[in-house]
Structures are given as C-alpha cells and as structure tokens.
Amino acid sequence: MRPRPKRCRRRRSWVDCADRTLASPRRGPTAQGGIVLGIREARARLLTACLELAPRPEGVTEVPTDGIAITRPPKPEMGDWAVPAFPLAKAWRRNPAEVAKQWAESMRADLARPDGVLGALCAGVRDAQAAGPYVNLTIDPATTAGSVLGQVTRRGDRFGWATVPTGETVMVEYSGPNTNKPLHLGHLRNNVLGMSLSNLLEAAGHRVIRVNLVNDRGIHICKSMLAYQRWGEGTTPASSGEKGDHFVGRMYVLFDQKLKEEMAAFAAARDVDPSTWSRAALKELTDKDELKRREAAAEAFEREFLAASPLMAEARALLRLWEADDPETRALWSTMNGWVYEGFRATYARLGCRFDKWYYESEVWQLGKSEVERGLETGAFYRNPDGSVWARLESLGMQDRCVLRADGTTVYLTQDIGVAMQKFRDYGMDRSIYVVGSEQDAHFKNLFGVLKLLGHTFADRCHHASYGLITLPAGMGKLKSREGTKVDSDDLLELIKGDARQKIEEGGYCEDPAAIDGIAEMIGQGALKLFLLQVSAEKSIQWNPLETIAFNGDTGPAVQYSHARICGILRKGLAAGLITEDDLERSATRGFGPFLKSERVDPGLLVEPLERDLLRALADTEDVVQTAAERYSPAPLAAHLLELTKAFARMYHEHEVLRAASPELARARLQLSLAVAQALRNGLALLTIEAPDRM
RNA sequence: GCGCCUGUAGCUCAGUUGGAUAGAGCAGCGGAUUUCUAAUCCGCCGGUCGCAGGUUCGAGUCCUGCCAGGCGCGCCA
C-alpha cells in the first residue's frame, strides 16, 4: 500500500599537478626547494616541526602524537595557528600551561637559530607564544597571503579539492522516486543531499558512482493505471498539455479520491463514523485507553474496508496481471512509466541531477530470492512451519525479520539484499552510501545486519546517510501526494524563481532581459538548496509553504551576491582602465579565474585585519570540504561559505578595492577578491548551486 | 510498551575525536550610502545549552535516569 517512500559513472581521474609547479622565485609560499605545498600539507609539516621541538622530560625521546592537531585560536589577534599542549601534558603528567610555556620557549629559541627546524620545514613562522594551555603561532602575513592566493590561483576550480586521488570508489544511491507521482519537497531534500554528497566525496578524492533506484512496480503504479483505464478517457500528457509525471500523479490522486468515496459509502452502510478517529479527533483525546481503542477500531475498519473494496480488488488484480507478464497490462505500465520518466528527466535536468546508473525495481525485485536458499544452508536464516523464512537478526541484538513470505514471494528487505549484491558485482566499490530518509533507519540496520549474517564482507562498507523529514507547521498535516498536501518540486522551483526574478528587476543590474530568466533560476535554486543543506541532515526541517523563502541573511543568494559583486568589481576595473585584459589570466575550459597574473600582484600588501580574516577563511576551505565528505554532511561547507561571504562583505565595505591607496594595493585586493569569488563558486558547485556573474 | 533521532537566544539553526570567553541569521531597537550593486555593513538587545545526577584538570559535547517532540516497531514498500 505504501510505496517505498522518498528514497530518494562517471570516471574522473585527475592528478593535479598544479601544486608541484615551481613558484615565482620572487615571493610566495616557497618552502625550501621551491615546491609549493597544499595548505593541508604545509600544516602537517608545521605540526611535525612543532612536535620535534616539544619539551620532553628527562630521558624521554618519544612524543605522543595522538590527538594533537593544529587548530585556529579563537581570536585572530592571538595568532594564526594554535597547538594544544593537553595531549603532551597528559602523557607526561604535567601542567598543560607549563608545558605550553616551555614549548613556546623552545620554539622561539629554534626560530632564532639560522638552521632551525621550523624555518626548515615551514616558511614564515614568526613567533610562538604560550597562552594558557596552548601555543599560538604567528605567521608572517606576506607568507600567508602569498600561500593562499597561490593556492587558489593555481588550483582554479579545483581549489578546495583534495590534491591527490584516494583511489577509492564510492557509490551514492539517492533520489529513489516512485513512478506514480511527481517529485515533492521531500525528494528535493534527498536529491540535493545526494548530489552534494556525491560532489563532496569526489572533491575528497574518491571516484564516485551516482545511482538511482526507481520504484517502478507495485500496487501504487497499479492504482494509477486503474484510474487511467477507468477515468482517463484516453487522454495523454500531450493531449492535456500536462507534464508526464504530473499527469500520472493526477491519476493516482484520482484513485485515492474514488477510494475515499467508496470508503465513505462503506462506512455509511455500516453506520460507522470515520471522523471519530481522524487525526484532529485523536489529538484532542486525553484518555489513553480511549485513544488506543479508537486507533484499534480505525485499523480494523481500514483492514475490513480494504479487503472489501472493489477498487482495491481491481488494483490487486492488475498487479497480478503485471506479475504474470500480461502483455496489455505491461504495455500500459510501460506507457505510463514512460510519461513519468519524461517528467522526471525535466526536473532532474533543472536541478542538475544526474546518475551513472539506473536500477529499476521491476528488474531487481526478485534478485534476493536466491540468497534465501543460501541463507538457509548456512544457518543465517530459518524456516517457520508455515513456510516463511526469517533472518536470525537476534544474534546481532535485533529482532528476527521475515525475508520470504509463506507464499514464497519476496519482501522489501530481500529485494534490497539482492540489489546490494548486484551493485557490488557491477562496480566492486569500496563503499556504498544510501541517501534515504530517517523513517527507514531500522530497515537499513536490518539490511546491513542481514548482509553480515550472510557473510558478505561489504556489509561493513555500507552506510545509510539518513536525513530527517520535511514537516509542515502544526495543523497543516503531512506532506502526502495522495492528499494533495504535498509541496510539488516543480511548483516550488517556479514560485521561488518568480520571487528572484522580481528582485533582479528591482536591482536593475542585469541589463540583458534574456539573461534574467537564467539568473532568476540560479538564485531561486540557490535559496532553496542552501536552505536545505544548511541544516544537519539528521534534523527534520519544518517548512511553511505560506512563508516565502528568504534571500537576505544566511542564504544562498547572499553567497551568490558576494560572487556577483566581485565579478562587478572586475568589470568596473576593466571598464575604467584600471586593469587591462593583459593583466589577467583565465581559462574558460576549467572555470578557472580570472585572476591577475601572479607576477603583477604583491600579496604582502594585504595586511589589514579584515583582509587577513578573509585569507584565513580561504585557507580553511580545503579542510572544510574534507570534513564535510568524511561526515557525509554538506552542512559544514554551507556554513563555511556563509562565513567567507560575510568576511568578504565586511572587507569590501571597509576597504576600497579599485580605489585603494595605490595601484599595487588595488591589484592585491582585487586578486584577493577574485580568489574569494573562485572559492565561493567552487563551494557552491559542491552544494549543487550555480553562481551568477551579476544579479 | 520497545528502539532510533531531536531538544542551544523570542524564531530558525551552527558548535570538529571533550579544550581558550557558547556563535550566526531572522525578528526588535539605533546607526551607516551623492556606493567598486543596500540581496550590504556597524552597534545594541537577547543564554540555568530540556531537567537531575555522574565521569575529569576541563562537559553544549561522554555515561545514567527523567521530561517533551518526531520517526519506526507488518509475511507493506
């Protein structure tokens, strides 16, 4: 009855050689040997140097490295990097502050030596000061600026990405639509999470395979088919001018309406009042026994009705015909699914959603069956007297689950066992991620448990990337396609786009009317997608369809706006002749730049606190991407982009870029701004959001 | 009844393997613009981190119990 809810290859082999190129000999982040390191690598060397200088107690040579990681001090003026003394203090049973003090002294002594360790391993370390249990390190601003700008300009649209491929292949399954209805807001969250997660894993250096598993069979499709046969009057999406998925979705709603009418008549005939167990009526009840009684009554009535309903009987008959390969039924099924796919393709294309592989439940639904036999042989499963087969999940601290019905047909869990095996057979990936709503948490626990029982070693490499539901405010019910309280994806995208278009026209910064449509689309999606991705996945999101989505504050458009303004600054600079095309380098093929040619920029001029804040935020980007990928969560990246955006807004509000005190400073600031634009564009892309040049 | 998730400012949310003084946005109030785009910036206001214990040098973060909300507990998918 309830369809699989909201389940919601490409090869990219790249070795980025940019970081191995020789840096300008004049300045920049050159460590000895002239090799420019990635920011993460440089920091790793800094940590190595620091550990070497740790103040060991008498007779100790080993330094514990566990748990020591370089972090940022809470305030910029305290320094650029912070090394905690806790782990050392703990290992040596000493006071952390005391260790930090000695450690800082040892570092300062090292810095004073011409052949010091710090100087050899990392350029630009200026000072080390103990502050409580931490040692705060100060880096020469020019070195930092040169290093960061060098990174961004060299890596272009790969800035923020891992510099070396991991060689690991990760599969991400997401979207998982049902072919009986269009995509709604719940699917949007799934799709955006799935797309973004895939991008992040790619950026972390993995090869990613994007997979869709379509629920294209089952009783729910038969309902749409039946409604179409009965009341469709031979119309088609083409003849009614309707998007295919909406057309079929309408049939599904139609079936539900007719079924409700049937139910009302059924209830009237038996003299029962279904409103006594409506959601509202149950909410008001305080008597728990009464509540239970009502719920039981509701369930009993529904069961009775569904068993007696002629419409349901017909739908079930249609399902049997489908399973028996009845040509006429299969033909109608193909036709209607075809309509739906046409609609899906349009929505997916609009969202920028793509897949390397499509699995269809109609093709894989019986795959797990052979595993049942094997499970019985190995003792992972057992057979009940009635013939049904069960998995011994109790041995893993769970409840045993049915994997084969008494009548010999498979269940959802069995199907997923088969699909999981098929996936690993097809791609041999190292990890398999399922982006599916939290209402299926238990299902995936069971699935992975059963895979383990069956001895599949890949069970440990499967992960359910769970996310919370999208709920409507109290009193507005639930998102349900059947009852029309869904928030349709297409409608929603159109609505937000309209708001965006209005703002663009008010702003008047887009002279070309033909371009407005595309920009409105980018901004509308930016608002929606960042709204969805900002929140940690496991949390549910309350959505009020009556409130328009915000464009101000911590929003996608705010990030896009900063990007657009930077593009605007560059345009102004070129138009005013303050810089020329000859000053620039850009590569259209890699979404690279534009940047000023690095030999025409002196990063050492970027000494203002607001500029340094910005450089620091830029430098954190690679770490954030890595963390986001590790945690299967785009939210940290969303937060980071907003941070970067605000840091930029503060900087350019306070300091003029093009009209800076000197042409040299203007160029340095412009380069900084262009680097920010690149970082924002890259980050947004990982969140599946595009960045317009003007808005 | 059992299991999982959530609970942080009036609202919506961040808060890395436990670590420096718990941060943003919105709303409210007060300021900033003959603009390199005000989809902006600055300031103010706002907190017993659901409650109570515990672990330790240190807890929003870990453990136990309780309270509140959500989801799940089918031979449905």
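Because the structure is a prediction, the values reported are computed rather than measured. Chain identifiers are assigned alphabetically (A, B, ...) following the order of the sequence lines, protein sequences preceding nucleic acid strands; residue numbering begins at 1 within each chain.
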Short question: side chain of [X], backbone of [Y] - any donor-acceptor pair under 3.5 Å?
X: A:Arg669; Y: A:Leu658; answer: no
X: A:Arg667; Y: A:Leu596; answer: no
X: A:Arg189; Y: A:Gly468; answer: yes
X: A:Glu611; Y: A:Glu608; answer: yes
X: A:Gln534; Y: A:Pro636; answer: no

Name the nucleic acid region contacted by [X], choosing base, sugar-phosphate or nothing; use a 4.0 angstrom heavy-atom cut-off, strictly under.
X: A:Arg401; answer: sugar-phosphate
X: A:Ser536; answer: sugar-phosphate
X: A:Ile523; answer: base
X: A:Ala82; answer: base
X: A:Val657; answer: base
X: A:Leu570; answer: nothing
X: A:Pro73; answer: base
X: A:Ala564; answer: base
X: A:Glu538; answer: sugar-phosphate
X: A:Ala406; answer: base
X: A:Met398; answer: nothing

Earlier contact from the 5' end, RNA chain B, for A:Ile541 and A:Arg565 =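 The 5'-side residue here is A:Ile541.
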Residue whose closest nucleotide on RNA chain B lies nearer the 5' end, A:Thr627 versus A:Gly568 =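 That would be A:Thr627.
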Integer angstrom distance from the [atom1] of [N] to that of [M]:
N: B:rC29; M: B:rG69; atom1: P; result: 34 Å
N: B:rG65; M: B:rC26; atom1: P; result: 41 Å
N: B:rU61; M: B:rU6; atom1: C1'; result: 15 Å
N: B:rC42; M: B:rU33; atom1: P; result: 15 Å
N: B:rG46; M: B:rG28; atom1: C1'; result: 10 Å
N: B:rC57; M: B:rG18; atom1: P; result: 15 Å
N: B:rG74; M: B:rG3; atom1: P; result: 15 Å
N: B:rC41; M: B:rA27; atom1: P; result: 13 Å

How long is the line joining [atom1] of [X] and [atom2] of [N], in whole Å?
X: A:Tyr652; N: B:rA32; atom1: OH; atom2: C1'; answer: 14 Å
X: A:Phe444; N: B:rG72; atom1: CZ; atom2: P; answer: 15 Å
X: A:Glu506; N: B:rA39; atom1: CD; atom2: P; answer: 9 Å
X: A:His640; N: B:rG23; atom1: NE2; atom2: C1'; answer: 16 Å
X: A:His655; N: B:rA32; atom1: NE2; atom2: P; answer: 21 Å
X: A:Lys75; N: B:rG23; atom1: NZ; atom2: C1'; answer: 12 Å
X: A:Asp416; N: B:rC76; atom1: CG; atom2: C1'; answer: 14 Å
X: A:Gln440; N: B:rC73; atom1: CD; atom2: C1'; answer: 14 Å

Which nucleotide in the list [options] gets nearest to the side chain of [X]?
X: A:Ala131; options: B:rA20, B:rC41, B:rA14; value: B:rA20
X: A:Val535; options: B:rA14, B:rG15, B:rC71; value: B:rA14
X: A:Ala649; options: B:rC73, B:rA14, B:rC41; value: B:rC41
X: A:Lys646; options: B:rU16, B:rA77, B:rA24; value: B:rA24
X: A:Ala639; options: B:rC71, B:rA39, B:rA14; value: B:rA14
X: A:Met695; options: B:rU16, B:rA39, B:rA14; value: B:rA39
X: A:Ile504; options: B:rC57, B:rA39, B:rA77; value: B:rA39

Watson-Crick or G-U wobble partner for [N], using a 3.5 Å limit on both distances?
N: B:rU40; result: B:rA32
N: B:rC66; result: B:rG50
N: B:rU61; result: none
N: B:rC2; result: B:rG72
N: B:rA27; result: none
N: B:rU55; result: none
N: B:rU17; result: none
N: B:rA22; result: none

Taking only side-chain nitrogens and oxygens of [X], does any of them come within less than 4.0 Å of OP1 or OP2 of [N]?
X: A:Arg405; N: B:rC76; value: yes
X: A:Asn552; N: B:rU40; value: yes
X: A:Ser466; N: B:rC5; value: no
X: A:Lys539; N: B:rG7; value: yes
X: A:Arg650; N: B:rC42; value: yes
X: A:Arg694; N: B:rA39; value: no

Taking the six-membered ring for Trp, are A:Phe305 and A:Phe301 parallel (under 30°), tilted (30 to 60°) or perpendicular (over 60°)?
->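 Taking A:Phe301 first and then A:Phe305, their aromatic rings lie parallel (interplane angle under 30°).
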Just say parallel, tilted or perpendicular for the rings of A:Phe648 and A:Tyr652, cut-offs at 30° and 60°.
->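 The arrangement is parallel - the two ring planes meet at less than 30°.
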Answer yes if the ring centres of A:His463 and A:Tyr434 are under 6.0 angstrom apart, and no otherwise.
->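 They do not qualify: ring centres at least 6.0 Å apart.
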Is the A:Trp365-A:Tyr359 ring centre distance short of 6.0 angstrom?
->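 No, ring centres 6.0 Å or more apart.
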A:Leu393 side chain near A:Gln399 side chain, heavy-atom distance below 4.5 Å =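 Not in contact.
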Does a distance-only test, which skips hydrogens and angles, find a donor-acceptor pair under 3.5 Å between the side chain of A:Asn136 and the base of B:rA20?
->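 In this structure, the two groups form a donor-acceptor pair.
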